[in-house]
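Have a look at the structure below before the remarks.
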Amino acid sequence: SVRVMTIHKSKGLDFPYVIIPFVEKVTLYKSGNSWCVPDLSGTSLEGVADGVYDVLLSGSSESTLFAEQYRNERFMQQVDELQASDEIKDKIRKEISRYETISSSSSESAVERTYIETLLEMPWDNISEDNTDLLHAKEVLERNHYGMDKIKERILEFLAVRQMMEIRQMSDRGEAPIICLVGPPGTGKTSIAKSVAQSLGKEYQRICLGGVRDEAEIRGHRRTYVGAMMGQVASALRHAKVKNPLILLDEIDKVSNDYKGDTFSALLEVLDPDQNKHFRDHYVELPLDLSQVLFIATANTTSTIPRPLLD
């Protein structure tokens with residue numbers, strides 16, 4: 001439930017200002033002997049304490065117009081501060097312009113607003129700095145896992161080659177393999193991936209693929225559908241807030257197919273270094289760069305993984 005409290009009946013307008021928690025942040029400032037709201041024609045709010053309030057105008061069409069103008073200005077400001085290419089910024093500005101022409105009472109308005117907020121939350125060019133100290137990586141693996149010497153040695157080799165390629169500024173990583181940890185349940189496959197993320201200082205995201213049979217779980221739904229959502233890969237990037245996290249593809253051998261599409265083909269597009277530089281989620285509709293994501297997969301057996309994906 002939302003608690004609504006009227007502050008003040010503003011002068012010259014026939015609607016009240018109300019406070020609604022977690023809606024919009026507006027900083028009040030003092031003008032003479034009155035408290036005013038910025039970007040709303042300096043309308044007076046007398047008798048209100050100094051501070052930041054959740055302010056929403058309500059009660060008339062003018063109030064809705066003021067609230068929409070403030071929201072659109074905030075969207076434009078976020079676009080200017082966004083770390084992204086000009087192509088992506090132009091696309092978001094175009095969507096904001098389209099959102100301004102939609103009536104706020106229309107159901108399409110909420111859909112468009114959610115889409116704009118999703119684009120603004122994606123880490124287009126936001127990159128975290130990795131810890132390239134191999135001794136630190138070895139220390140973390142030894143501390144968190146007993147035994148498994150061959151596995152830890154293979155992971156350190158993988159990290160060493162990856163670091164050497166970065167030092168030599170080799171942008172083409174087409175020959176770089178993707179580690180797949182295969183073994184029975186409960187043998188530490190997932191925890192090893194967590195330790196790798198911890199040793200590198202990377203954001204860690206886990207995608208459970210067990211029982212996934214819809215291609216839209218990977219590529220997302222098209223926005224023409226009601227209740228459309230982005231795919232799990234784009235959602236993992238959104239939650240990581242960086243474009244180079246460590247994403248664990250858990251139980252990749254338990255993916256299945258049905259009439260809704262080939263899930264393995266969608267995974268192949270995600271993991272193939274020649275294709276994932278411009279991966280397109282059906283919901284986002286903009287190319288996502290997955291080339292800097294460190295993928296690690298787990299499986300109980302390789303017999304159910306299609307040969308092209310296993311290769």
To the nearest 0.5 Å, tell me how far [X] [atom1] sits from [Y] [atom2].
X      : Y      : atom1 : atom2 : answer
Arg307 : Ile305 : CZ    : CD1   : 10.5 Å
Ile252 : Thr298 : CD1   : OG1   : 8.0 Å
Thr101 : Glu108 : OG1   : CD    : 8.5 Å
Asn131 : Gln198 : CG    : CD    : 10.5 Å
Leu141 : Asp149 : CG    : CG    : 11.0 Å

Item to check | Residues, nucleotides or ligands: over 12 heavy atoms within 6.0 Å of Arg222 CZ | outcome: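 No, not enclosed.
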
Checklist entry - For atom NE2 of His278, is the number of surrounding heavy atoms from other residues, nucleotides or ligands below 6.0 Å larger than 12? => result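 For His278, atom NE2 is not crowded (no more than 12 foreign heavy atoms under 6.0 Å).
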
Is there a donor in the side chain of [X] and an acceptor in the side chain of [Y], or the other way round, less than 3.5 Å apart?
X      : Y      : result
Gln232 : Glu217 : yes
Ser199 : His136 : no
Asn144 : Ser195 : yes
Ser128 : Asn244 : yes
Ser291 : Asp289 : yes

Single-linkage hydrophobic cluster, 4.5 Å side-chain cutoff, [X] and [Y] together:
X      : Y      : answer
Leu286 : Tyr99  : yes
Leu159 : Val140 : no
Ile92  : Val111 : no
Ile127 : Leu120 : no
Ile218 : Met229 : no

Looking at [Y] and [X], is there a salt bridge between them, counting it only when a charged N and a carboxylate O are closer than 4.0 Å?
X      : Y      : value
Glu142 : Lys138 : no
Arg93  : Asp80  : yes
Glu87  : Lys91  : no
Arg206 : Asp250 : yes

Checklist entry - When you measure from the side chain of Lys189 to the backbone N and O of Gly183, does any donor-acceptor pair fall under 3.5 Å? => result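 Yes: the side chain of Lys189 pairs with the backbone of Gly183.
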
Is [Y] close to [X] at the side-chain level, that is, under 4.5 Å between some pair of heavy atoms?
X      : Y      : result
Glu95  : Arg113 : no
Tyr115 : Arg223 : yes
Leu237 : Pro245 : yes
Asn300 : Lys254 : yes
Tyr283 : His221 : no
Arg280 : Leu288 : no
Ile207 : Val233 : yes
Leu309 : Leu271 : yes

Item to check | Ile178/Ile296 under side chain to side chain contact (heavy atoms under 4.5 Å, CB included): CA gap, chis, key distance, verdict | outcome: CA-CA 6 Å; Ile178 296 173; Ile296 294 181; over 6 Å; no

Checklist entry - Passes side chain to side chain contact (heavy atoms under 4.5 Å, CB included), Ser85 versus Trp124? Steps please. => result CA-CA 8 Å; Ser85 63; Trp124 301 106; over 6 Å; no

Item to check | Reference residue Val270; test side-chain contact (heavy atoms from CB on, under 4.5 Å); the match among Ile247, Val293, Asn276, Leu290 | outcome: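 Of Ile247, Val293, Asn276, Leu290, side-chain contact (heavy atoms from CB on, under 4.5 Å) with Val270 is met by Leu290 alone.
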
Which heavy atom in [X] sits nearest to a heavy atom in [Y], and how many Å separate them?
X      : Y      : result
Arg162 : Gln292 : NH2-O, 4.5 Å
Gln275 : Asp272 : NE2-OD2, 2.8 Å
Val79  : Lys89  : O-CE, 3.5 Å
Ala234 : Asp281 : CB-OD2, 3.7 Å

Next on the checklist: As a quick check of understanding, evaluate side chain to side chain contact (heavy atoms under 4.5 Å, CB included) for Leu181 and Ile179, giving each step before the final call.
Outcome noted: CA-CA 6 Å; Leu181 304 172; Ile179 291 181; 3.8 Å; yes

Next on the checklist: Is there a salt bridge (charged side-chain N to carboxylate O under 4.0 Å, His left out) between Lys241 and Glu203? Walk through the geometry before answering.
Outcome noted: CA-CA 8 Å; Lys241 299 181 180 180; Glu203 294 292 332; over 6 Å; no

Checklist entry - Given Gln205 and Leu248, is the side chain to side chain contact (heavy atoms under 4.5 Å, CB included) satisfied, shown in steps? => result CA-CA 6 Å; Gln205 294 293 322; Leu248 174 67; over 6 Å; no

